[in-house]
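One structure is given here, and the rest of the page talks about it.
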Amino acid sequence: MTDHRPVRRGIRRTFAVLATVSALALTACGPDQGPTDQTGGGAEAPTASPSGAASPSGSAGPSKPVTPSKPAAPSDSSGESSSPDGDFAVFPCSTFDVKFSATLAERTTSSYLLKITNKSGKPCKVLDYPIVTFGDLDGAATERSETHPGTDIRLQPGESAYAGLMGGVNNGTGRTVDSIAMTMNTASDLEQVPLKASTPGLYVSTENSVTAWLSNAEDALSL
């Protein structure tokens, strides 16, 4: 009987070598596909981050810009807020707000300088003309429209305004009074207490007139 064991061992070695070579070939040729998801759909694509994603600090999104608050209106020396419309908060001067005096400026024509001074603790506006009456006579001094400055005068506490009361030469047709009374134009129906001033021997005629309130005495007497 012939011994076939050497042949069998050679065949086994041949098969072992072939198997090793095949395994190496498969390993070299197979591409690295990378990890796949559990559904077999290939590599997992990166996921885009939504625009509203929470920030690392945990906030729900970008904070809204802070709107700066409106600055407070500056205050004037009296402590009141001022603005472009500040004069609307200043009321017209009445006889309750001012002191009044009359000083003889020209004896021949019985002309007087009228003066008011703000005695209140707040600003007030002087409007137009003084309303001047003569003793117990009816009527008032005529307003001299050409003297109006075109604007109101704002009086701070302690400030003054002036007007000129013009008379005429005594021609025997008028009367003489020893006092005058003055009220302010307030552009309202406010009842005022007339302020009186002594004017000894003031001659009253149709020529008596009064200027508008002005900022200085010189203008009040020269217009």
Side-chain angles (χ1 to χ4, degrees), residues 76-106 109-168 174-200 202-223:
D76 59 21
S77 58
S78 64
E80 298 178 356
S81 294
S82 60
S83 67
D85 300 328
D87 275 350
F88 288 104
V90 178
F91 292 98
C93 302
S94 73
T95 57
F96 301 107
D97 302 312
V98 299
K99 297 185 297 184
F100 171 64
S101 65
T103 304
L104 182 62
E106 175 57 54
T109 59
S110 292
S111 296
Y112 279 80
L113 175 67
L114 310 182
K115 176 183 178 181
I116 55 171
T117 302
N118 184 355
K119 67 177 183 178
S120 71
K122 61 184 184 301
C124 64
K125 289 187 295 186
V126 179
L127 305 183
D128 302 328
Y129 305 83
I131 303 168
V132 180
T133 57
F134 303 94
D136 59 354
L137 302 181
D138 294 332
T142 302
E143 297 173 353
R144 298 180 61 188
S145 59
E146 72 275 12
T147 65
H148 198 291
T151 58
D152 301 326
I153 300 173
R154 178 170 176 161
L155 285 189
Q156 297 291 341
E159 293 183 341
S160 300
Y162 306 86
L165 177 61
M166 309 304 178
R175 291 181 56 183
T176 300
V177 298
D178 292 330
S179 66
I180 59 174
M182 187 277 301
T183 54
M184 303 291 294
N185 180 0
T186 62
S188 70
D189 56 359
L190 174 68
E191 292 187 11
Q192 303 177 67
V193 176
L195 300 179
K196 294 184 178 182
S198 177
T199 56
L202 172 61
Y203 184 72
V204 181
S205 69
T206 56
E207 296 182 14
N208 291 96
S209 62
V210 67
T211 69
W213 289 114
L214 301 165
S215 298
N216 64 76
E218 184 178 354
D219 287 345
L221 293 174
S222 61
L223 294 177

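Taking both residues in full, the closest heavy atoms of T186 and P92 are given as O-CG, 3.6 Å, listed atom of the first, atom of the second, then distance. Of all heavy-atom pairs spanning N208 and G167, the tightest one is ND2-CA, 3.4 Å. Among all heavy-atom pairs drawn from S120 and P157, the shortest one is O-CB, 3.4 Å. Taking all atoms of both residues into account, the shortest heavy-atom contact from A163 to V210 is CB-CG2, 4.4 Å. In terms of heavy atoms, D97 sits closest to N118 at O-OD1, 3.3 Å. Smallest separation of non-hydrogen atoms from W213 and Y129: NE1-C, 3.7 Å.
No more than 12 heavy atoms of other residues, nucleotides or ligands lie within 6.0 Å of NZ in K99, so this atom counts as exposed by the packing criterion.
No donor-acceptor pair closer than 3.5 Å links the side chain of N185 to the backbone N or O of D128. Counting only distance, with no hydrogens or angles, the side chain of E106 and the backbone of S111 share no donor-acceptor pair below 3.5 Å.
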Candidate pair F100 and I180, rule side-chain contact (heavy atoms from CB on, under 4.5 Å), full reasoning: CA-CA 11 Å; F100 171 64; I180 59 174; 4.1 Å; yes

Working for side-chain contact (heavy atoms from CB on, under 4.5 Å), residues R144 and T211: CA-CA 5 Å; R144 298 180 61 188; T211 69; 4.0 Å; yes

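Among residue pairs with one or both ends in residues 114-165, those qualifying as disulfide bond (SG atoms under 2.5 Å apart) are C93-C124; sequence neighbours excluded.
Atom CD of Q192 and atom CE of M182 lie 8.0 Å apart (nearest 0.5 Å). Taking CG of L155 as the start and CD1 of I116 as the end, the distance is 5.5 Å to the nearest 0.5 Å. Distance check: T103 OG1 to L165 CG gives 11.5 Å after rounding to the nearest 0.5 Å. Annotation: the span from S188 atom OG to L127 atom CG amounts to 9.0 Å, rounded to 0.5 Å. Taking CD of E143 as the start and CD1 of I131 as the end, the distance is 7.5 Å to the nearest 0.5 Å. For the atom pair CG (L214) and CD1 (I153), the distance works out to 6.0 Å, reported to the nearest 0.5 Å.
Side-chain atoms of V126 and E159, non-hydrogen and from C-beta on, never get closer than 4.5 Å to each other.
Residues forming a side-chain contact (heavy atoms from CB on, under 4.5 Å) with T176 (at least two apart in sequence, or on another chain): Y203.
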